[in-house]
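Lettering follows sequence order; numbering is per chain, from 1.
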Number of protein chains: 2
Amino acid sequence: MTLTRKGELTRTRIVLGASAEILESGVEEVRLEDIMARTATSKSQLFHYFPGGREELVLAVTRHETEQALAAQTAALQSFASWDDWQHWRDDMVAWYHGRGLRCPLLGLLSADAGRRMPEAQAVMTEFMTAWQAVLTEGLRRLQATGRIAADTDVESAAAALLAGIQGGILLMITTKRIDHLEAAIDQAAAALRA
Amino acid sequence: MTLTRKGELTRTRIVLGASAEILESGVEEVRLEDIMARTATSKSQLFHYFPGGREELVLAVTRHETEQALAAQTAALQSFASWDDWQHWRDDMVAWYHGRGLRCPLLGLLSADAGRRMPEAQAVMTEFMTAWQAVLTEGLRRLQATGRIAADTDVESAAAALLAGIQGGILLMITTKRIDHLEAAIDQAAAALRA
DNA sequence: GCCGGTTTGGACTGGCCGGTCCAATTTGCG
DNA sequence: CGCAAATTGGACCGGCCAGTCCAAACCGGC
């Protein structure tokens, strides 16, 4: 499928609109009609740019969101050198979710579809988690290199635990509409690594 | 609605069957027809015992599963007195999920429905998480009382972080089909508390 | 300004599935 | 037994919504 500039624009408009719609209402709730309304497109456009229909569109949204999130995390973590940086990263993340009304663009996508209905989405999510963990590991290594973390600490499993804490924090944020679990998880990880 | 013994039996048969069906296929995937087939019931029975239809049934399943989980956690944690107990609890939990094919009866229920479509389910889940955290806090307090955890440790936020780690571990287990995040999260929590 | 391909509009369809309904059967109690 | 209530069977309905289709409009190169 060859796209002109105009087509490209429409396509991304659809992805962004669908993304927003899903964030607000959840994957399962969103109807193609909703996306059409928000993005001012017709059904034929949807199926023109996403021949696989709804599923392909959701997959595209998943890809888009994971890329965004990963880019943000990479940017924040690649210059890790002090506990101040850590604190900054933590506060930014908390603030970001606050700004989104304590919702998460990805979590809804994950457990609803991934694994059963859409193996492809599952694969994207797995890859995303793996990449995120790698980024975290890198960050921890950087702190270790500058002596902030003891040299004999196993940063691999520390990163695994930290990622779990973050994901769980987000999950609990969505469920309970409170953000303190996320804060506690990251803070406890910091405390453990500082010791 | 008054239930005879027979009715009671049918009702629980439906809940258990629906529960199993949901565990296998996910809430969204499951059709009333699937549940009817598995539990050998007719549609009129479903609506007789759950006048609210699908939604009420899912809610009943949610309640059932949370009760089970909470009972299990309470049993395991109420006799906490040593790090051996901790290790046991950890291993049992890991083994339990292994036995379930690295699936979780509750996580699917949570993010799919809770919050948007079914505020009631959301409430049940929130209550469940709160209760679980309370049970964890109790357990930690017990370890603290016997000197295994430093007296000045804030067990409240430690429990919050631990719960986040567990939830995230389960989430990552579902996504990646690996259980090491859950292990790492619990182990790191133990390490942090031991120090 | 003509011609291929791209983009867009929107009516229509077809299946799926939750929910309704009524009638038949069983149960428990006096 | 006899009756009222509980239980069960399953046909049927109707809305919803993803996906299809055809034709119109638009665009860009020559």
Side-chain angles (χ1 to χ4, degrees), chain A residues 1-19 21-22 24-62 108-109 112-113 116-121, chain B residues 1-19 21-22 24-62 108-109 112-113 116-121:
Chain A
M1 182 171 42
T2 55
L3 293 185
T4 68
R5 170 162 356 286
K6 192 181 179 189
E8 201 97 43
L9 242 51
T10 305
R11 208 197 109 104
T12 65
R13 195 174 76 237
I14 293 173
V15 171
L16 292 178
S19 188
E21 202 71 30
I22 288 173
E24 285 176 18
S25 325
V27 213
E28 307 294 342
E29 287 311 292
V30 173
R31 310 287 146 217
L32 294 190
E33 198 185 342
D34 303 329
I35 297 168
M36 286 160 57
R38 176 185 284 252
T39 62
T41 49
S42 68
K43 193 159 276 190
S44 69
Q45 283 171 290
L46 252 53
F47 281 84
H48 178 67
Y49 295 106
F50 304 92
R54 188 193 154 81
E55 181 166 331
E56 187 178 341
L57 176 53
V58 170
L59 192 58
V61 170
T62 307
L109 289 167
D113 292 87
R116 312 188 209 270
R117 197 177 327 204
M118 296 179 52
E120 305 221 40
Chain B
M1 181 172 42
T2 55
L3 292 186
T4 68
R5 171 162 358 284
K6 191 182 180 187
E8 201 97 43
L9 242 51
T10 304
R11 208 197 109 105
T12 64
R13 195 173 76 238
I14 293 173
V15 171
L16 292 178
S19 188
E21 202 71 30
I22 288 173
E24 285 175 18
S25 325
V27 213
E28 307 294 341
E29 287 312 291
V30 174
R31 310 288 146 216
L32 295 191
E33 197 186 343
D34 304 329
I35 297 168
M36 285 159 57
R38 175 185 284 252
T39 61
T41 49
S42 67
K43 193 160 274 188
S44 68
Q45 283 172 290
L46 251 53
F47 281 84
H48 178 68
Y49 296 106
F50 305 93
R54 187 193 154 83
E55 182 166 332
E56 187 178 340
L57 176 52
V58 171
L59 191 58
V61 170
T62 307
L109 290 167
D113 293 87
R116 311 190 209 271
R117 196 178 327 204
M118 297 179 53
E120 304 221 41

For residues 2-10 of chain A, tabulate all N or O donor-acceptor pairs below 3.5 Å that involve a side-chain atom, not counting sequence neighbours.
from    : atom 1 : to     : atom 2 : distance (Å)
A:Thr4  : OG1    : A:Lys6 : N      : 3.4
A:Thr4  : OG1    : A:Gly7 : N      : 3.2
A:Thr10 : OG1    : A:Lys6 : O      : 3.1

Upstream residue (5' side of DNA chain C) when B:Gly53 and B:Thr4 are each assigned their closest nucleotide: B:Gly53

Touch class at under 4.0 angstrom, heavy-atom based, for A:Leu46 against every strand present: nothing

Contact list for DNA chain C against residues 36-45 of chain A - heavy-atom distance below 4.0 Å: A:Ser42, A:Ser44, A:Gln45

Heavy-atom pair with the smallest gap, counting every atom of B:Val61 and B:Ile22: CG1-CD1, 4.1 Å

Whole-Å distance separating the CZ atom of A:Arg31 from the C1' atom of D:dG15: 12 Å

Least distance between heavy atoms, A:Met36 atom then A:Leu46 atom: CG-CD2, 3.9 Å

side-chain contact (heavy atoms from CB on, under 4.5 Å) partner of B:Glu120, chosen from B:Val58, B:Leu59, B:Thr62: B:Leu59

Non-neighbouring partners of B:Glu29 that pass salt bridge (Lys or Arg N to Asp or Glu O under 4.0 Å), sequence neighbours left out: A:Arg117

Pairs meeting criterion side chain to side chain donor-acceptor pair (under 3.5 Å) with involvement of residues 41-51 of chain B, two or more places apart: B:Thr39-B:Thr41, B:Ser42-B:Ser44, B:Ser42-B:Gln45

Separation of D:dG10 P from B:Glu33 CD (nearest whole Å): 13 Å

Reported CG-to-CG distance for the pair A:Leu57 and A:Leu32, which is rounded to 0.5 angstrom: 7.5 Å

Contact residues, residues 6-18 of chain A to DNA chain C [heavy atom, < 4.0 Å]: A:Lys6, A:Gly7, A:Thr10

Value in whole Å for how far the P atom of D:dC22 lies from NE2 of A:His48: 17 Å

Minimum heavy-atom distance A:Arg54-A:Val27, with the two atoms named: NH2-O, 2.9 Å

With A:Glu24 via salt bridge (Lys or Arg N to Asp or Glu O under 4.0 Å) - residues at least two apart: A:Arg38

side-chain contact (heavy atoms from CB on, under 4.5 Å) against B:Glu55, all qualifying residues, sequence neighbours excluded: B:Met118

Where chain B begins and ends its contact with DNA chain C, read 5' to 3' at 4.0 Å from heavy atoms: C:dC17 to C:dT27

Nearest heavy-atom neighbours spanning B:Phe50 and B:Arg11: CE2-NH1, 3.4 Å

Gap between atoms CZ and C1', on A:Phe47 and D:dC17 respectively (whole Å): 10 Å

